[in-house]
Amino acid sequence: MTTVVRRTFRSTPHRDALDTWNAIVELLTQGRTGAERTELIAVGGIGASIIADQAPKEAAIVVTCDGPRTRIYCLYDDNALDGSDANEGGLGFEPLKGDWRVSLPCPADDLAWVQNALKKHSTRITARDRDTAVALDTNTSAAATQDLVFDQKGFLAP
């Protein structure tokens with residue numbers, strides 16, 4: 001079973017879409033510089049466009065790595081100003097550890113251009129239709145994905 005952590009960022013009008021993306025990048029990179037940060041900053045305009053379209057209001061930006069999965073949502077309008085539902089706190093793990101990926105939710109009308117634009121900058125950062133659920137771990141072994149079977153005899157044996 002995958003551990004999932006949720007963060008919710010205050011967006012417009014509290015901060016503009018690009019500032020929101022930069023705050024998300026700061027969370028994911030934990031303030032460190034390097035290739036991961038450079039890759040995320042390179043798609044800043046695309047990420048800001050997704051945020052400006054309010055795609056992460058209901059559909060999460062999903063970050064997967066060798067550790068827990070991170071789901072990032074955004075608050076808008078009065079909720080962004082109020083901020084009581086926001087949780088922008090740091091993570092207790094490295095969200096970009098190992099083979100990391102970022103999946104951005106995108107309105108169906110914009111999906112083709114967003115996917116093409118992302119390909120120019122990254123293979124790790126992709127877009128999906130915001131109405132499509134993100135698949136669970138695609139890299140788990142067959143043994144890890146089998147259903148749990150309760151062995152009552154073995155459990156009750158002395």
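By convention here, the first residue in the shown sequence is residue 1.
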Over all atoms of both residues, closest heavy-atom pair of Ala17 and Ser11: CA-OG, 4.5 Å
Leu75-Ile50 co-clustered via ILVMFWY side chain contacts under 4.5 Å: no
ILVMFWY network linking Val102 to Val114, side-chain heavy atoms under 4.5 angstrom: yes
Whether Asp82 side chain and Ser84 backbone form a donor-acceptor pair below 3.5 Å: yes
Atom CG of Asn116 with >12 non-hydrogen neighbours under 6.0 angstrom: yes
Spacing of OG1 belonging to Thr64 relative to CZ belonging to Arg69, to within rounding of 0.5 Å: 6.0 Å
Main-chain N/O of Pro105 paired with Arg130 side-chain donor or acceptor, under 3.5 Å: no
Ile24 vs Phe9 side-chain heavy atoms within contact, under 4.5 Å: yes
same_hphob_cluster(Val43, Leu18) at 4.5 Å side-chain heavy-atom cutoff: no
Beyond-backbone contact of Pro68 with Val4, side-chain heavy atoms, under 4.5 angstrom: no
CG-CG distance between Asp19 and Asn22, expressed to the nearest 0.5 angstrom: 6.0 Å
Leu96 and Leu40: CA distance, side-chain angles, deciding distance, side-chain contact (heavy atoms from CB on, under 4.5 Å) verdict: CA-CA 11 Å; Leu96 301 179; Leu40 290 163; 3.8 Å; yes
Trp21 (side chain) donor-acceptor with Ile46 (main chain) under 3.5 angstrom: no
Test: Arg124 and Asp99 ion pair at under 4.0 Å: yes
Distance-only side-chain donor-acceptor flag, Ser122 / Glu39, under 3.5 Å: yes
Electrostatic pair Arg15:Glu88 at N-O distance under 4.0 angstrom: yes
Cationic N near anionic O, under 4.0 Å, Glu26 to Arg32: no
Polar side chain donor-acceptor pair, Ser103 to Arg128, under 3.5 angstrom: yes
Smallest separation among heavy atoms of Pro95 and Gln30, with atom names: CD-NE2, 3.6 Å
Gap between atom CD of Glu94 and atom CG of Asp66 - 0.5 Å precision: 10.0 Å
Heavy-atom side-chain contact between Pro56 and Ile51 under 4.5 Å: yes
Distance, nearest 0.5 Å, that separates CG of Asp16 from OG1 of Thr20: 6.5 Å
Neighbour count >12 (heavy atoms, 6.0 Å) for atom CD, Glu58: no
Trace of the side-chain contact (heavy atoms from CB on, under 4.5 Å) decision for Leu118 with Leu104: CA-CA 10 Å; Leu118 288 171; Leu104 302 174; 4.2 Å; yes
Cation over ring face, Arg6 and Tyr73, 6.0 Å, 45°: yes
Short side-chain to backbone donor-acceptor contact, Asp110 and Ala112, under 3.5 Å: no
Side-chain donor or acceptor of Ser49 paired with backbone N/O of Gly45 under 3.5 Å: no
Pairwise side-chain contact, Ile72 with Leu27, heavy-atom cut-off 4.5 Å (strictly under): yes
Arg7 side chain vs Gly89 backbone, donor-acceptor pair below 3.5 Å: yes
Nearest-0.5 Å distance that lies between atom SG in Cys74 and atom NE2 in His14: 11.5 Å
Close side-chain approach of Pro13 to Leu81, heavy-atom, < 4.5 Å: yes
Test log, rule side-chain contact (heavy atoms from CB on, under 4.5 Å), inputs Trp100 and Ile125: CA-CA 9 Å; Trp100 61 274; Ile125 305 168; 4.1 Å; yes
Val25 vs Arg37 side-chain heavy atoms within contact, under 4.5 Å: yes
Side-chain (Tyr76) to main-chain (Arg10) donor-acceptor, under 3.5 angstrom: no
Worked verdict on Val63 versus Arg101 for side-chain contact (heavy atoms from CB on, under 4.5 Å): CA-CA 6 Å; Val63 183; Arg101 305 269 184 236; over 6 Å; no
